[in-house]
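Working notes, beginning with the structure itself.
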Amino acid sequence: MPAAVSMRYIGPIQTHGGASADLSMSFNQEFDEHSAWRQAHEAKLAALAEWLLARDLLDAGVRERLDRLREQLRSDKVMVAFVAEFSRGKSELINAVFFAGYGRRIMPASAGRTTMCPTELGYDAEVPPCLRLLPIETRLQPQSLLEWRSAPDQWERIDLDVNDPQQLARAIEKVAEVRHVSQDEARALGFWHDDAPEDNPLPGPDGLLEVPRWRHALINMAHPLLKQGLVILDTPGLNAIGAEPELTVSLLPQAHAVVFILAADAGVSKSDLAMWREHLAPVAERHDSRLVVLNKIDTLWDELSTPAYIEAQIQRQREDSAQVLGLQPQQVIAVSAQKGLLAKVRNDAALLRESRLSDLETALAEDVLGQRRAILEAGVVASLQTLRAEVGQQLHARTRELVEQVQELEALRGKNGTVIRQMRLRIEQEQAEFDSSGARIQAVRSVHLKLLKEVFALLGSNHLKAEMAQFAAALKQPGIKLGVKRVYTEAFDRLRTGLRLAQQKAQEVQDMLGGTFRELNAEFGFALQLPDRMYLERFADELDLIERNHLQYLGLTNVFRLAQPEFADRLAKAVVSRLKTVYESASNEVELWNKSAAAQLDSQLRERRKNFARRIEAVHRIQQAAGGLDERLGELQQRLQQLEGERDAFLALTAQVPEAAAAQAVPLGASSDWPGAPSVAAGAAADGVADAS
Ligand SMILES: Nc1nc2c(ncn2[C@@H]2O[C@H](COP(=O)(O)OP(=O)(O)O)[C@@H](O)[C@H]2O)c(=O)[nH]1
Ligand SMILES: [Mg+2]
């Protein structure tokens with residue numbers, strides 16, 4: 001455990017003497033390892049950037065690529081969402097898996113509805129440890145949850161004392177607070193549906209209805225896992241989820257794992273099934289990490305039954321639930337959250353084994369972290385490949401120019417003053433020609449930029465807003481909105497057309513620039529290389545996914561809910577804000593491509609100009625002094641040798657990362673000597689540098 005952890009955090013359970021080792025490998029430890037891996041790679045890339053900078057090889061494009069990759073490794077978040085009907089044990093499971101180290105319950109978990117609002121647990125170093133609560137009344141206003149997030153003064157803030165688990169747990173109990181409102185108010189807030197009376201809350205003796213006091217809660221605390229980028233989302237039951245489209249449209253699809261929970265004492269109820277079908281099945285398409293948990297298996301532990309009988313009961317329940325949900329029985333993980341938590345708090349290895357909590361922890365670690373690592377690793381490897389090509393070309397060009405200079409000077413050996421003067425004139429003439437071609441290069445660049453501007457316009461927020469305007473307007477119409485599905489589909493069709501157009505134009509820019517690069521390479525011996533193709537196709541996939549994600553809200557079954565102006569408005573907002581992120585990513589990708597291409601051109605032009613100056617200076621020196629030629633040749637040879645060393649060092653430096661990544665990927669369960677690992681890795685990279693210079 002890192003030293004910065006609060007004093008009271010006891011850390012993962014220590015097993016006694018002979019207890020099996022795999023029992024102690026909790027999700028927490030796996031997560032630590034995942035973080036160590038990220039840090040090690042980040043450190044290697046930092047060393048690489050420094051090395052390149054010291055050798056004037058870090059052009060703006062390369063720098064941007066490395067910076068983005070490092071930022072991605074540094075700030076990588078892993079979100080695990082717990083979704084189920086109320087009282088299935090979501091909060092208890094969160095306590096057992098993540099917070100047992102505090103020695104008590106942190107998330108309130110008791111009979112009845114406790115978690116009344118979606119609660120996100122994470123860590124943000126900029127904000128002090130606190131609980132922030134967004135009042136439920138904000139639902140009456142049009143802003144999306146995303147927009148509320150950037151309005152901190154609208155949230156009620158309670159500071160948390162992370163060293164005091166009692167205070168922590170007491171403060172967090174606020175997520176369970178309720179309010180009592182009239183039926184009209186409940187309807188406006190999205191908790192009363194005239195069309196689905198069976199789902200409505202029961203009025204109290206005073207005729208008032210109980211609704212959550214808060215719409216959303218954010219818990220910011222320096223728990224070791226949260227600090228390393230884990231985000232946990234605890235949700236209330238079906239009704240509350242349905243009332244907040246942003247949750248299903250935005251938060252759940254972003255989660256890296258969604259844990260759906262059934263309870264052994266409840267079976268698969270109608271509302272469990274509704275939840276699964278409406279909210280989990282659509283999300284699942286994107287993620288393999290959808291875990292189904294059969295909780296509360298301890299309710300089947302019966303002292304009068306044999307262990308074999310109990311086991312058979314558990315198996316049967318797994319099979320039954322799997323069948324109803326359309327899964328394989330082994331996809332349903334049977335656990336007891338409550339006994340698991342108790343076992344961890346009491347350090348009871350036998351009970352922990354019986355709770356089977358480690359089955360879930362292993363699945364979480366393998367699915368979520370394994371997948372995350374694979375994605376990050378692929379990013380590192382792909383970026384390094386591009387980097388290798390770009391920087392390799394640059395080194396190659398440098399070497400070739402030196403060799404040419406050597407040849408040029410060798411030809412001067414024993415020649416008289418006239419020949420040397422002629423040589424100087426020739427270089428100056430070459431330089432003038434090169435300078436005059438600058439205008440041509442600029443002209444070509446401005447054509448590219450004009451085309452790129454069109455691409456950016458197609459990916460800009462104005463374009464997005466314009467294409468979605470009709471849909472937003474259709475949702476704003478009062479009353480029943482029958483045609484809205486068609487408007488919606490058409491809007492997405494238009495977006496797809498726009499994206500295809502952007503793709504075509506991007507391809508055009510790439511083809512043009514490819515041609516220009518080839519010409520320049522042939523004419524001036526440059527080593528310009530096109531950056532990897534802009535890959536905009538995948539954003540079309542994201543569009544499809546968003547479209548599918550909330551098609552459910554526009555169907556006939558939802559027609560009454562859609563008739564509520566607040567709901568319709570929130571839905572429109574949620575869709576647009578999700579689309580915005582996609583469009584921003586696409587713009588970013590185009591920008592990186594452009595930067596990378598422009599930076600190459602700039603750096604090679606600059607290098608060439610320097611080169612002319614050096615060549616003229618060498619000839620000048622030879623004209624001045626008799627020994628000038630040998631001296632200059634000696635310098636060039638030395639520089640050539642140095643370059644060769646740099647090339648080897650660079651290859652070694654960039655080879656290390658993917659190799660290390662491949663080696664690291666296997667022993668996910670093996671122990672790591674965190675936090676020693678990153679510095680060892682950084683040291684190795686630094687050694688490579690030392691060898692070279
Ligand atoms: N017997 C038993 N009860 C559990 C278990 N997990 C949770 N519970 C109880 O079920 C109730 C609801 O749990 P909670 O975590 O609040 O459910 P949530 O509404 O899904 O968050 C509480 O009384 C818990 O103590 C379990 O594994 N076994
Ligand atoms: Mg709960």
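The shown structure was predicted, so the numbers you read here are calculated from the model rather than taken from an experiment. Order of listing sets the numbers, starting from 1, for every ligand and every atom in it.
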Look at the aromatic rings of His34 and Phe31 and report parallel, tilted or perpendicular, splitting at 30° and 60°. tilted
Would you call the rings of His223 and Phe99 parallel, tilted or perpendicular, taking 30° and 60° as the class edges? perpendicular
Is it the case that ligand 1 has an N or O less than 3.5 angstrom from some N or O of Gly89? yes
Please confirm if an N, O or S atom belonging to Met107, backbone or side chain, lies less than 2.8 Å from the Mg ion (ligand 2). no
Answer yes when Glu147 and Lys580 have at least one side-chain N-carboxylate O distance shorter than 4.0 Å, and no when they do not. no
Looking only at distances, can you tell me whether any N or O atom of Lys339, backbone or side chain, sits closer than 3.5 Å to an N or O atom of ligand 1? no
Carboxylate-amine/guanidinium contact Glu361 Lys344, below 4.0 Å: yes
Measuring from the heavy atoms of Ser87, does anything fall under 4.0 Å of ligand 1? yes
Return the orientation label for the Phe98 and Phe82 ring planes: parallel under 30°, perpendicular over 60°, tilted otherwise. perpendicular
May I ask you to check if ligand 1 and Thr299 share an N or O to N or O distance below 3.5 Å? no
Who gets closest to atom 20 (O) of ligand 1 by heavy atom: Lys90, Lys296, Arg105, Glu92? Lys90
Pair Gln315, Glu319 - check side-chain hydrogen bond (donor to acceptor under 3.5 Å, both in side chains), show working. CA-CA 6 Å; Gln315 284 315 324; Glu319 280 161 25; over 6 Å; no
From CG (Leu233) to NZ (Lys90), nearest 0.5 Å: 11.0 Å
Side chain, backbone, both or neither: which part of Asn295 comes within less than 4.0 Å of ligand 1 when only heavy atoms are counted? side chain
State plainly whether the residues Arg578 and Glu542 are in salt-bridge range, i.e. N to O under 4.0 Å. no
Only heavy atoms of Phe86, strictly under 4.0 Å: list the atoms of ligand 1 that pass. 19 (O)
In terms of heavy-atom contacts, does NZ of Lys174 have more than 12 from other residues, nucleotides or ligands at under 6.0 Å? yes
Going by the atom numbers of ligand 1, which of them fall below 4.0 Å from some non-hydrogen atom of Asp298? 1 (N), 2 (C), 26 (C), 27 (O), 28 (N)
Test your reading of the structure: does Ala337 have an N or O sitting under 3.5 Å from an N or O of ligand 1? yes
Report, in ascending order of atom number, the atoms of ligand 1 lying under 4.0 Å from any heavy atom of Ser91. 15 (O), 21 (O)
Does Asp234, backbone or side chain, put an N or O under 3.5 Å from an N or O of ligand 1? no
Which atoms of ligand 1 sit under 4.0 Å from any heavy atom of Ala109? 14 (P), 15 (O), 16 (O)
